[in-house]
Amino acid sequence: MTAAAHRPATLEDVARAAGVSRSTASRVIAGTGFASPDARERVVTAADQLGYVPNPAARALVRGGGVRLVVAAAGASAAVLDDPYVHRVVGSAARVCAPAGVGVALHWLPLGDPRGLDQLAADRSVCGVVLVNTTEALLDAVPRSLHGRIASIGIGSAEVPSFDVDNTAGAGAVLRHLYATGRRRIAMVTGPAWLPCSQRPVQAYRHLMHQAGLPERVVDGDFTAARGRAAAGEALRRWPDVDAIYAISDETAFGVIAALRDGGVRVPGDVAVAGFDDIPLAGMTAPALTTASHPVDRIATAAATAVLAGRPAAPVTLFPSALVTRDSA
């Protein structure tokens, strides 16, 4: 029975079957360094027979690409390092890196000061970077030496592949659901104005409201529950007849619901509320939150894998978002 019959074949299995050292097998698989033609043929044959699939992170290590991947999160303050979304990115990246012994570090990139990217590029211990909350200024500041070992969760460029959720489609699904349930005076609480990817749902909202001949009612937000509380009060003051509020993050939607409840407004009886992200708590609140899915783990896994693999990726990869209907709308 081969190793592949009961578990995935390892590099050690290939080396043993080929009768060579692990380092020789590693050089052949990675395509680096010297190996005799006979050894090369035996390693390739053994790998084929065992069904060995090389780990992209291990290939990166063989090339001497560093020992840690950095998740670099842009934000107005170091508070971004406490963001649960960022923590999920770090956790997913760690699961990709752990099998090859690559560590994961979290780094804050202050808005308006992209010099941190130069420091990361010069650090020989850094094998690659995953950008979070990417802005145009950050993309413009990416050093050439990071090209090929950097990916963005958010917007990207020809040199920096991007991975993100299709929040345009997700927002559209939520808004069409609100419309289908009879809501016509729909307000929206946005995300941070400086974050390009948070503008896509706003564009979807404006398009759909125009298409339906409905008024636009936009309130600035920042993804926090505290701002959701304030935004709900602002929406009710400006538009007392509002019958639905869509927040582009679940955290903000929780703040909206709390403010409405404190003000004696029934959800969804008087005002429907919906969010975006489908975080675990969304299904456990009262009322449970209608939202749209955001596969953060899959997105972060794809970004980290692309960085460690060191091979070109598609310029933009968007992951689908699905409507999740619950009691709040």
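From a predicted model like this one, the values you see are computed outputs, not experimental measurements.
Rounding to the nearest 0.5 Å places CG of Asp220 at 11.0 Å from CE of Met188.
Screening residues 245-255 for salt bridge (charged side-chain N to carboxylate O under 4.0 Å, His left out), with sequence neighbours left out, gives no hits. Sorted by first and then second residue, the salt bridge (charged side-chain N to carboxylate O under 4.0 Å, His left out) pairs involving residues 109-118 (not counting sequence neighbours) are Asp113-Arg115. Residue pairs meeting the salt bridge (charged side-chain N to carboxylate O under 4.0 Å, His left out) criterion with at least one member in residues 267-288, sequence neighbours excluded, are Arg266-Asp270, Asp278-Arg326. Within the structure, the salt bridge (charged side-chain N to carboxylate O under 4.0 Å, His left out) test picks out the following pairs touching residues 71-91 (sequence neighbours left out): Arg88-Asp297.
Residues satisfying the ring pair (Phe, Tyr, Trp, His ring centres under 6.0 Å) test with Tyr246, not counting sequence neighbours, are none. Legend: residues meeting ring pair (Phe, Tyr, Trp, His ring centres under 6.0 Å) with Tyr179, ordered by chain and number and at least two apart, are absent. Partners of Ser152 under the side chain to side chain donor-acceptor pair (under 3.5 Å) rule, at least two apart in sequence or in another chain, are Thr134. Applying the side-chain contact (heavy atoms from CB on, under 4.5 Å) rule to Leu236 yields the partners Val242, Leu260, Val265; only residues at least two apart in sequence or on another chain are considered. In this view, Leu111 and Ala74, Ala76, Thr135, Trp194 satisfy the side-chain contact (heavy atoms from CB on, under 4.5 Å) rule, not counting sequence neighbours. Scored by the side-chain contact (heavy atoms from CB on, under 4.5 Å) test, Thr168 finds Asp166, Arg200, Ala204 as partners (sequence neighbours excluded). Legend: residues meeting side-chain contact (heavy atoms from CB on, under 4.5 Å) with His210, ordered by chain and number and at least two apart, are absent.
In summary, the side chains of Asp48 and Thr45 do not present any donor paired with an acceptor at a separation below 3.5 Å, with no hydrogens or angles considered.
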When the side chains of residues 95-110 are checked against the rest of the protein, which donor-acceptor pairs come out under 3.5 Å, sequence neighbours left out?
residue : atom : partner : partner atom : Å
Arg95   : NH2  : Ser92   : OG           : 3.3
Trp108  : NE1  : Gly75   : O            : 3.0
Trp108  : NE1  : Ser77   : O            : 3.3

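The environment of Glu41 atom CD is sparse: at most 12 non-hydrogen atoms of other residues, nucleotides or ligands sit within 6.0 angstrom.
Between Arg42 and Val20, the shortest heavy-atom distance links the atoms NH1-CG1, 3.8 Å.
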